[in-house]
Amino acid sequence: MRLAFLGLGKMGRSILKGALERGFLRPEEVGVVGRTPERTRELAEAFGIRPLQVKDLARAERVLLAVQPRDFPHLAPEIAFPQVGYISIMAGVSTAVLARRLDTRRVVRAMPNLAAVIGESSTALTALREAKEAGDLDFARALFATVGDVYEIPEHLFDPFTAMSASAPAYLAVVAEALADAGVKMGMPRALALRLAAEALAATGELLKTRHPAQLKDEVASPGGTTIHGLHALEARALRAAFFEAVEAATRRGHELGEAE
């Protein structure tokens with residue numbers, strides 16, 4: 001068994017789906033432990049993978065930890081097997097905490113985002129030396145490449161990465177909703193406003209892959225035109241400062257989650 005999933009929520013299912021669809025894993029190489037035996041069977045049947053009990057994790061080459069951080073402390077003693085490598089997608093749980101609670105230094109920390117659902121995630125990775133030597137980091141790099149781009153970064157950047165990249169879909173969803181609401185206020189049908197907001201964000205994301213944000217802004221904002229007047233209104237409402245505060249607040253919360261461990 002190349003990989004066992006402990007927990008299989010939305011993010012875990014996205015990772016599993018990407019790995020299976022791209023041929024990185026075969027169903028017979030994967031197992032799952034769900035919240036209950038019933039949930040385990042349901043998930044196993046849905047993906048054609050093995051239903052497992054916690055004790056079966058000892059037979060896996062690696063275990064992907066996809067549970068809530070608050071559940072990890074009481075689960076750790078039951079799932080700590082010295083011969084197994086661990087990959088965690090739990091927010092705020094450091095490699096030091098993983099190693100201490102699992103009694104092994106074969107640990108990889110990962111932080112994907114919701115875009116894994118469509119194979120467009122940005123995933124951060126970091127690992128302890130023992131995990132690198134055992135091939136766990138290489139495995140994780142290939143696994144998360146099936147759902148998007150992978151970035152190996154120092155662990156001290158994980159909380160800012162989480163606050164900016166992993167949380168970004170929520171921030172930008174609020175932007176899209178606000179933009180659509182503004183269109184509705186000006187008389188546009190809501191369905192059309194929502195579609196246009198979504199298309200604008202998606203297209204802008206593609207454009208930003210080839211040019212600096214300031215360049216894109218300047219290309220759209222002609223002298224004395226409508227866009228520059230709209231930008232002035234956004235600046236008056238301190239839009240940039242709001243994003244600074246959002247990322248800072250989320251980063252602080254990441255630190256707090258880690259300190260709780």
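Sequential numbering from 1 along the given sequence is applied to the chain's residues.
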[X] versus [Y]: any side-chain heavy-atom pair under 4.5 Å?
X	Y	result
Val84	Leu57	no
Val107	Ser88	no
Glu219	Leu207	no
Met90	Asp71	no
Thr104	Pro82	no
Ser121	Phe144	no
Leu6	Ile79	yes
Ile49	Leu16	yes

Hey, does the side chain of [X] reach the backbone of [Y] with a donor-acceptor pair shorter than 3.5 angstrom?
X	Y	result
Asp56	Gln53	yes
Arg22	Thr146	yes
Arg106	Glu130	no
Thr126	Pro154	no
Tyr86	Ala99	no
Ser165	Thr162	no
Ser122	Asp149	no
Glu78	Val54	no
Arg2	Arg62	no
Arg41	Pro51	no

Can you get from [X] to [Y] by hopping between Ile, Leu, Val, Met, Phe, Trp and Tyr side chains that sit under 4.5 Å apart?
X	Y	result
Met111	Val93	no
Leu20	Leu8	yes
Leu128	Ile87	no
Phe5	Met1	no
Leu157	Tyr151	yes

When rounded to the nearest 0.5 angstrom, what is the spacing between [atom1] in [X] and [atom2] in [Y]?
X	Y	atom1	atom2	result
His74	Arg101	NE2	CZ	11.0 Å
Leu137	Arg141	CG	CZ	4.5 Å
Glu155	Thr95	CD	OG1	3.5 Å
Leu125	Leu143	CG	CG	9.0 Å
Ser14	Glu120	OG	CD	12.5 Å
Phe244	Leu239	CZ	CG	11.0 Å

What heavy-atom pair brings [X] and [Y] nearest, and what distance separates the two atoms?
X	Y	answer
Ala197	Ala176	CB-O, 3.5 Å
Ala91	Pro69	O-CG, 3.4 Å
Gly18	Val147	CA-CG1, 4.0 Å
Leu102	Ala76	CD2-O, 4.2 Å
Thr40	Gly34	OG1-N, 2.7 Å
Ala163	Tyr171	O-OH, 2.8 Å

I'd like to know whether [atom1] of [X] has more than 12 heavy-atom contacts from other residues, nucleotides or ligands below 6.0 angstrom.
X	atom1	result
Arg211	CZ	yes
Phe243	CZ	yes
His232	NE2	no
Asp103	CG	no

Criterion side chain to side chain contact (heavy atoms under 4.5 Å, CB included) on Leu172 and Leu201, from CA distance to verdict: CA-CA 8 Å; Leu172 297 179; Leu201 262 67; 3.9 Å; yes
Intermediate values then yes/no, side chain to side chain contact (heavy atoms under 4.5 Å, CB included), Arg129 and Arg105: CA-CA 8 Å; Arg129 177 176 54 82; Arg105 292 183 58 80; 5.6 Å; no
Between the side chains of Lys132 and Asp138, is the shortest nitrogen-to-carboxylate-oxygen separation below 4.0 Å, so that they form an ion pair?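 Not counted as a salt bridge, because no side-chain N and carboxylate O are separated by less than 4.0 Å.
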Can you run down the ring pair (Phe, Tyr, Trp, His ring centres under 6.0 Å) pairs that involve residues 24-59, sequence neighbours left out, and say none if there aren't any?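 The answer is Phe24-Phe139.
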